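All figures in this text were calculated on a predicted structure; none of them were measured in a lab.
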Amino acid sequence: MACSQKVEQEETTDVIVYGGTSGAVTAAIQAKKMGKSVIMVSPDKHLGGLTAGGLGWTDTGKKEVIGGLSREFYQRVYEKYTEDGAWKWEAKSEFGNKGQGTPAIDGAFRTMWIFEPHVAEEVYDEWVEELGIEVLRDEWLDRETGVTVEEGKITAIRTLSGKEFKGKMFIDATYEGDLMAAAGVSYHVGREGTNVYGEEWNGVQTGVFHHKHHFKAVDQPIDPYIIPGDPSSGLLPKISGEDPGVKGEGDNKVQAYCFRTCMSVNPDNQVPFPRPDNYDSTQYELLGRIFDAGWTEWFGKFDMIPNKKTDTNNHGPFSSDNIGMNYDYPEASYERRREIIQEHEDYQKGLLYYVANDPRVPKETQDEFKKWGLAKDEFTDNGNWPHQIYVREARRMVGKYVMTENELLQKKPTPESVGMGSYSIDSHNIQRYVDENGHVQNEGDIGVGLRQPYEIAYGSLVPKADEITNLVVPVAVSASHIAFGSIRMEPVFMILGQSAATAAVMALDGGISVQELPYSSLKTKLLEDGQVLTLADKIN
């Protein structure tokens with residue numbers, strides 16, 4: 001992306017939201033609803049991030065703690081499915097009542113938690129248009145010299161196209177935290193050691209086997225070598241030869257990414273799984289050995305969404321999660337990120353093609369899988385492939401307050417709640433290695449249940465006071481790796497997007513920094529706008 005001539009914005013906007021995620025949309029909506037001028041500067045062409053990018057089987061946790069604009073989004077989705085023509089490929093009654101019409105607040109409105117990608121995107125697009133929010137798409141922050149900071153405040157940002165946006169308050173609602181980092185705010189990438197915040201589940205987790213995303217789920221050990229039993233023959237693809245590290249120690253690795261593919265089982269609304277130009281079946285030899293060992297759970301995360309489609313997620317020891325291939329993504333250049341995204345796309349498309357076509361795959365599995373294809377009416381401008389990779393974790397701010405597993409597990413109280421989370425503490429695998437017995441193993445997958453929903457601190461949305469005073473960060477929030485494993489859910493990003501914008505506007509109106517904003521005033525406004533801050537506020 002080449003820079004063009006600098007184009008300055010004449011007026012100074014009250015609130016500039018950088019990002020196109022679900023949290024970015026609710027931030028922009030809230031700022032607009034509070035009477036401020038708003039511009040969304042989005043590097044994405046499509047709004048909604050993962051919510052509109054294939055993650056239609058919403059990771060809600062406890063729905064009663066999802067309030068405000070986040071809940072309104074799911075209400076608007078429900079309304080979409082009451083329109084004529086919404087159920088094109090199956091009857092509503094055939095889908096059943098999964099996620100449909102969930103009552104809320106004495107039946108005053110209803111919500112839909114399971115939906116198709118294009119429906120989510122329509123909701124976001126119509127919502128910002130309804131409010132007259134200015135959205136500039138495909139505008140990428142100049143991360144090298146495009147952030148102007150004066151006396152601890154961001155005064156303007158410039159994109160690679162040369163456009164400059166002057167603002168009074170800024171919200172970084174990207175998955176990567178690019179604006180935050182370019183402004184000089186402290187952040188962390190990777191896992192902290194357990195000693196940093198006094199946590200149990202952070203750091204390297206060798207010997208921990210949660211979920212079924214590890215090789216202990218297979219009936220017999222899997223040999224990692226090209227020639228079984230011969231280490232001199234080299235390792236199979238997708239296995240690291242590095243030592244995984246000591247349990248509890250920190251590292252710079254992040255949990256695996258994938259695409260949440262939308263598949264269709266309706267022959268009239270599907271296209272065959274494409275064969276990548278660089279397809280190489282040997283890249284999937286490890287999966288072949290897993291099948292040979294009797295593993296039969298290929299269809300374990302084909303979660304059905306309306307109209308005979310899926311939100312397909314990773315499942316098992318070798319699946320759509322491209323383990324170990326994303327470590328440099330959080331801080332990589334745009335060019336390098338595009339290379340990483342393309343490698344993930346090639347890997348995952350090749351995986352689907354392999355299972356659909358390779359004779360190594362058990363016939364029963366392959367015959368069933370051949371009934372499926374990519375949904376023809378989704379992601380129509382991108383070859384029916386999701387436009388958003390699942391960035392489960394990238395940079396995380398080290399802000400005024402750091403959320404840890406101790407707050408989530410109720411070991412410590414949380415100060416100044418601006419929203420709640422409730423999904424289990426969840427990290428996908430981070431590395432695949434050869435264990436001490438000479439067998440292949442995955443590491444990093446964690447699933448820790450919560451006793452009850454937890455509060456999220458306002459301090460986790462704002463930088464330290466001596467860094468930047470007019471920036472709020474609702475997505476790349478200040479949290480440890482393991483705490484972020486729960487906070488990172490899309491409904492929570494929308495909750496925090498609304499709270500971030502509320503704080504930004506109130507600080508602007510008060511002529512103070514976001515760090516100085518009195519919590520009592522913020523709390524009052526958030527509750528007025530339907531946010532759930534404590535269990536006492538939950539929606540019945």
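- Distance alone, capped at 3.5 Å, places no donor-acceptor pair between the Asn470 side chain and the Lys153 backbone.
- The existence of a salt bridge linking Arg336 and Glu339 is confirmed by a sub-4.0 Å separation between a basic side-chain nitrogen and an acidic carboxylate oxygen.
- Between Ile468 and Ala183, the closest heavy-atom pair is CD1-O, 3.7 Å.
- Listed for the Thr404 side chain is a donor-acceptor partner under 3.5 Å among the backbone atoms of Asn406.
- The backbone N or O of His46 sits nowhere less than 3.5 Å from a side-chain atom of Asp44 that would complete a donor-acceptor pair.
- Aromatic ring pairs are classed by plane angle as parallel below 30°, tilted from 30° to 60° and perpendicular above 60°; the pair Trp295 and Phe291 is tilted.
- The side-chain heavy atoms of His481 and Ile430, taken from C-beta on, include a pair separated by under 4.5 Å.
- Look at Glu343 and Lys238 and you find a salt bridge, because one of the NZ, NE, NH1 or NH2 atoms lies within 4.0 Å of a carboxylate O, short of that distance.
- A heavy-atom distance below 4.5 Å is not found between the side chains of Val246 and Val204.
- For the pair Gln431 and Tyr327, the minimum side-chain heavy-atom distance is below 4.5 Å.
- A distance-only check finds no donor-acceptor pair linking the side chain of Ser513 to the backbone of Thr469 [under 3.5 Å].
- Taking 4.5 Å as the limit, every side-chain heavy atom of Val475 sits out of range of all side-chain heavy atoms of Leu496.
- Judged by distance alone, with hydrogens and angles left aside, the side-chain atoms of Gln205 form a donor-acceptor pair with the main-chain N or O of Asn202 at under 3.5 Å.
- What you find for Met420 and Leu535 is that their closest heavy atoms are SD-N, 3.8 Å.
- Between the CG atom in Leu287 and the CG atom in Leu351 there is a gap of 6.5 Å [rounded to 0.5 Å].
- Between Leu533 atom CG and Ser417 atom OG the span is 5.0 Å, to the nearest 0.5 Å.
- Judged purely by distance below 3.5 Å, without hydrogens or angles, the side chains of Tyr454 and Ser486 pair a donor atom with an acceptor atom.
- Note that the CZ atom of Phe259 and the CG atom of Leu352 stand 11.5 Å from one another [nearest 0.5 Å].
- The closest donor-acceptor contact from the side chain of Glu467 to the backbone of Ser186 lies under 3.5 Å.
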| side chain to side chain donor-acceptor pair (under 3.5 Å) between His213 and Asp445: does it pass, once the steps are laid out? | CA-CA 7 Å; His213 308 316; Asp445 182 77; 4.5 Å; no

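- Side-chain N/O atoms of Asp172 and Thr174 include a donor and acceptor closer than 3.5 Å.
- The two atoms that bring Gly288 and Tyr354 nearest to each other are CA-OH, 3.5 Å, heavy atoms only.
- Tyr74 and Phe115 have tilted rings, their planes meeting at an angle from 30° to 60° on a 0 to 90° scale.
- A distance of 5.5 Å separates CD in Glu192 from OG in Ser480, rounded to the nearest 0.5 Å.
- Residues Lys216 and Asp435 are not paired through a salt bridge, judged by the lack of any N-O separation under 4.0 Å between the basic side chain and the carboxylate.
- Put simply, the side chain of Arg337 gets close to the backbone of Tyr329: a donor and an acceptor are under 3.5 Å apart.
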| query | Gln283 and Tyr347: side chain to side chain contact (heavy atoms under 4.5 Å, CB included), yes or no, with the steps? | reply | CA-CA 8 Å; Gln283 295 294 306; Tyr347 163 76; 5.9 Å; no

| task | Apply side chain to side chain contact (heavy atoms under 4.5 Å, CB included) to Ile456 and Tyr401, showing your working. | result | CA-CA 10 Å; Ile456 301 171; Tyr401 190 89; over 6 Å; no

| message | side chain to side chain contact (heavy atoms under 4.5 Å, CB included), that's the test. Do Lys464 and Val398 meet it? Break it down for me. | response | CA-CA 8 Å; Lys464 298 170 185 175; Val398 180; 4.1 Å; yes

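- Counting heavy atoms from C-beta outward, Gln441 and Phe209 have side chains that approach closer than 4.5 Å.
- Here the CE-CE distance, from Met169 to Met506, works out to 11.5 Å after rounding to the nearest 0.5 Å.
- Taking CD1 from Ile341 and CG from Asp346, the interatomic distance works out to 12.0 Å, rounded to the nearest 0.5 Å.
- Looking at Tyr124, its side chain never comes within 3.5 Å of a backbone N or O of Thr26 through a donor-acceptor pair.
- A heavy-atom distance below 4.5 Å is not found between the side chains of Glu455 and Pro413.
- A pairwise comparison of heavy atoms in Gly19 and Pro43 identifies CA-CD, 3.9 Å as the closest pair.
- Taking the charged nitrogens against the carboxylate oxygens, Glu443 and Arg191 do have a contact shorter than 4.0 Å, which makes a salt bridge.
- When all heavy atoms of Tyr18 and Val41 are compared, the closest pair comes out as CD1-O, 3.1 Å.
- For the pair Thr60 (side chain) and Lys62 (backbone), a donor-acceptor distance under 3.5 Å is absent.
- Between Phe215 and Phe318, a ring centre-to-centre spacing not shorter than 6.0 Å is recorded.
- In this structure, the side chain to side chain contact (heavy atoms under 4.5 Å, CB included) partners of Glu285, at least two apart in sequence or on a different chain, are Leu236, Arg289, Arg360.
- Taking the six-membered ring where tryptophan is involved, the planes of His387 and Phe379 are perpendicular, since the angle between them exceeds 60° and thus also 30°.
- Between the side chain of Glu121 and the backbone N or O of Pro117 there is no donor-acceptor pair closer than 3.5 Å.
- Using a 3.5 Å distance cut-off with no hydrogens or angles, the side chains of Ser22 and Glu490 do pair a donor with an acceptor.
- Between the side chains of Tyr197 and Glu407, not a single donor N or O lies within less than 3.5 Å of an accepting N or O.
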| message | Working note: Arg488 + Phe493, criterion side chain to side chain contact (heavy atoms under 4.5 Å, CB included); need CA distance, chi angles, decisive distance, verdict. | response | CA-CA 7 Å; Arg488 66 182 177 85; Phe493 286 154; 4.0 Å; yes

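- No side-chain heavy atom of Lys400 sits less than 4.5 Å from a side-chain heavy atom of Ser478.
- Proximity of Pro386 to Arg260: side-chain heavy atoms (C-beta onward) are nowhere separated by under 4.5 Å.
- The two residues Pro330 and Ala394 make their nearest non-hydrogen contact at CG-CA, 3.8 Å.
- Enclosure of atom CD in Glu528 by more than 12 non-hydrogen atoms of other residues, nucleotides or ligands within 6.0 angstrom is indicated.
- Residues forming a side-chain hydrogen bond (donor to acceptor under 3.5 Å, both in side chains) with Glu416 (at least two apart in sequence, or on another chain): none.
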